[in-house]
Amino acid sequence: MALFASGVAIAASPASAVTVTVSNAVVNDTFIPPVSQDIMSFSFDLAGAYHEKFGDSWSPKYKIWARVTPDYNPGAGVTVNWRNANVTQLAKVTTQPGATSKISGNFTVQNNDKPGDRWRLQISAEPIAAPTTASPSPSPTATAAPDTWQEVKTFTVTPATRVSNVRVDPSPVVLKGATDVGFSATIEKFGGETLKQVRALHPSSGEYYSLGTSLEGDDKSYYNYVTMGTDAPAGAWQIKFTITRGTKTYAFTKGFTVSKTSAPAAKAKSKITMSIAPTKVKKGKSIKIYGKVYRGVKSWGVWKKKVLKLYFKKKGTKSWKFVGYVGANNSGKYSKTIKPKYDGYFRMAATATSATKSSYSPYKLVDVR
């Protein structure tokens with residue numbers, strides 16, 4: 001880098017680095033982002049980070065620079081590509097600092113970066129002069145990065161989370177009445193991912209159907225469905241998977257189209273939520289199936305005293321079997337305790353009335369061991 005004064009090129013002054021003592025280095029969210037770019041944060045403890053007290057405060061001893069490389073593999077003819085990191089510098093304090101002080105920072109990671117175990121974080125510390133009466137607040141003097149670095153941490157970065165093979169069946173969706181729409185996907189996990197939410201969403205109106213978050217036995221295949229009535233808005237919809245990993249939350253979406261063959265019916269809508277606990281159970285033990293049933297025209301209210309039907313489909317089969325009736329209370333809540341014999345899926349159904357449409361809950365898998 002060059003600075004120009006009066007038309008004369010002047011070489012920038014690099015920092016003169018000193019070796020410092022660091023410990024407890026941590027790099028967070030060490031995975032390739034599924035989006036175009038994101039940040040990884042880091043922190044470490046710096047020993048002896050402050051000068052002796054001057055006046056009523058303690059001043060920092062160092063300015064810290066940091067850099068990162070995704071592939072530290074120096075050798076003949078190999079160029080190591082470093083990228084600068086952001087560092088939050090220490091400030092003056094009026095409370096006596098401890099033996100170590102926390103330094104934090106972050107750096108950008110790209111979607112096309114390569115995962116691997118050769119990622120490396122280095123720092124350099126530029127000394128800051130101690131305050132004096134003549135100079136009570138000295139600052140770093142360098143105008144360019146330092147010329148010597150020290151190791152802080154070598155760390156492994158894992159691949160990005162991937163959601164692939166997303167399918168909507170049927171596609172496009174044509175609503176002639178209550179229509180079952182299935183959604184499937186492959187969710188590849190590389191460490192710490194949690195599928196937090198799945199929704200079939202109509203973005204322009206905000207209307208959505210909630211789907212379950214359970215995966216199949218291979219822990220990567222997803223399948224669920226919703227029953228869409230003719231009151232569902234037509235147009236552009238999307239299936240949206242929300243996944244958390246570390247401190248990050250990412251949304252993966254795929255669009256689909258909904259159209260209708262007739263005007264919406266005048267009946268009120270209905271919907272059912274359903275939860276099962278536990279979803280993995282020993283044979284002969286009980287599970288609790290519970291949730292809430294709603295009905296509404298412009299806004300949702302509970303469907304008081306509604307009698308629901310519970311259905312079961314044995315895993316590997318195609319037909320649903322009626323299990324029994326479950327009654328909701330005045331708050332629309334229902335619950336039923338049963339002892340499942342086989343692996344399979346449960347769902348609740350609310351039959352139609354002259355004023356309200358039928359609906360199904362999302363179905364949920366129970367693993368009997």
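For Ile239 against Ala200, the heavy-atom pair with the smallest separation is CD1-N, 4.2 Å. The minimum heavy-atom distance linking Gly206 with Leu201 is given by the pair O-CD1, 4.1 Å. Of all heavy-atom pairs spanning Pro278 and Ser286, the tightest one is CD-O, 4.0 Å. Nearest heavy atom pair, residue Ser331 against residue Val302, reads O-CG1, 3.1 Å. Across all their heavy atoms, Pro138 and Ser135 have their closest contact at CD-O, 3.3 Å. The heavy-atom pair separating Pro33 from Asp38 by the smallest distance is CB-CB, 3.7 Å.
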Apply side chain to side chain contact (heavy atoms under 4.5 Å, CB included) to the pair Lys189 and Lys220, showing each step before the final yes or no.
CA-CA 7 Å; Lys189 301 190 293 184; Lys220 68 178 183 180; over 6 Å; no
Test side chain to side chain contact (heavy atoms under 4.5 Å, CB included) applied to Val168 and Val181, step by step
CA-CA 7 Å; Val168 182; Val181 183; 3.8 Å; yes
Phe241 vs Tyr222, ring pair (Phe, Tyr, Trp, His ring centres under 6.0 Å): CA-CA, chis, key distance, verdict:
CA-CA 10 Å; Phe241 300 86; Tyr222 178 86; 5.5 Å; yes
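Electrostatic pairing of Lys114 and Asp71 does not count as a salt bridge here, judged by no charged N lying under 4.0 Å from a carboxylate O. Between Glu188 and Arg162 there is a salt bridge, since at least one side-chain N of the basic residue sits less than 4.0 Å from a carboxylate O of the acidic one.
The cationic group of Lys271 lies under 6.0 Å from the six-membered ring centre of Tyr294 and within 45° of the ring axis, placing it in a cation-pi geometry. Seen from the ring of Tyr334, Lys292 does not count as a face-on cation partner, given the 6.0 Å and 45° thresholds. Within the cation-pi definition used here (under 6.0 Å to the ring centroid, within 45° of the axis), Lys321 does not qualify as a partner of Phe312. Cation-pi geometry between Lys305 and Trp303 is not met: the NZ or CZ atom fails to fall both under 6.0 Å from the ring centre and inside 45° of the normal. Relative to the ring axis of Tyr250, Arg245 does not place its NZ or CZ within 45° and under 6.0 Å from the centre.
Two residues are said to be in side-chain contact when any heavy atoms from C-beta on lie closer than 4.5 Å; Val157 and Met40 meet this criterion. Counting heavy atoms from C-beta on, the side chains of Ile103 and Asp45 never come closer than 4.5 Å. Taking the side chain as every heavy atom from C-beta outward, Gln96 and Lys53 never approach each other to under 4.5 Å. Between Leu46 and Tyr62 there is a side-chain heavy-atom pair separated by less than 4.5 Å. Taking 4.5 Å as the limit, some side-chain heavy atom of Ile287 sits within range of a side-chain heavy atom of Ile338. Counting heavy atoms from C-beta on, the side chains of Leu175 and Ser259 never come closer than 4.5 Å. The shortest distance between side-chain heavy atoms of Tyr209 and Met228 falls below 4.5 Å. Contact of the Thr194 side chain with the Thr213 side chain is not registered, since no non-hydrogen atoms from C-beta on lie closer than 4.5 Å.
Taking CG of Asp367 as the reference point, atom CG of Asp343 lies at 4.5 Å (rounded to 0.5 Å). Here Leu308 contributes atom CG and Ile289 contributes atom CD1; the two are 11.5 Å apart, rounded to the nearest 0.5 Å. Here the straight-line distance linking atom CG of Leu195 with atom CZ of Phe252 works out to 10.0 Å at 0.5 Å rounding. Atom-to-atom distance recorded for Lys283:NZ and Lys339:NZ is 13.0 Å, nearest 0.5 angstrom. In this structure, NZ on Lys61 lies 12.0 Å from OG on Ser59, to the nearest 0.5 angstrom. In this structure, OH on Tyr363 lies 14.0 Å from CZ on Phe346, to the nearest 0.5 angstrom.
The backbone N or O of Thr353 lies less than 3.5 Å from a partner atom in the side chain of Lys267, making a donor-acceptor pair.
Classified by interplanar angle (parallel below 30°, tilted 30° to 60°, perpendicular above 60°), the ring pair Phe44/Phe42 is parallel. Ring planes of Phe155 and Trp119: tilted class, angle from 30 to 60°.
Remark: the Asn111 side chain and the Ser36 side chain contain no N/O donor-acceptor pair separated by less than 3.5 Å. Checking Ser104 against Ser43 by side-chain atom types alone, no donor-acceptor pair falls below 3.5 Å. Side-chain contact of Thr156 with Asp117: a donor-acceptor pair under 3.5 Å is absent, judged by distance alone. In this structure, a donor-acceptor pair under 3.5 Å is absent between the side chains of Thr108 and Gln37. Under 3.5 Å, the side chains of Arg120 and Thr69 contain no donor-acceptor pair of N or O atoms. A donor-acceptor pair shorter than 3.5 Å cannot be found between the side chains of Asp180 and Tyr360. Judged purely by distance below 3.5 Å, without hydrogens or angles, the side chains of Tyr72 and Arg118 never pair a donor atom with an acceptor atom. Under the 3.5 Å distance criterion, with hydrogens and angles disregarded, no donor-acceptor pair is assigned to the side chains of Lys306 and Thr356.
Each of Val307 and Ile272 belongs to its own hydrophobic cluster when Ile, Leu, Val, Met, Phe, Trp and Tyr are linked at side-chain heavy-atom distances under 4.5 angstrom. Following chains of ILVMFWY side-chain contacts shorter than 4.5 Å, one can reach Val87 starting from Val20, so the two form part of one hydrophobic cluster.
In this structure, Phe322 has its ring center closer than 6.0 angstrom to the ring center of Tyr325.
Heavy atoms from other residues, nucleotides or ligands lying under 6.0 Å from NZ of Lys240 number 12 at most. Heavy atoms from other residues, nucleotides or ligands lying under 6.0 Å from OH of Tyr208 number 12 at most.
Remark: of the listed residues Asn106, Asp29, Asn28, Asn106 is the sole one forming a side chain to side chain contact (heavy atoms under 4.5 Å, CB included) with Ile39.
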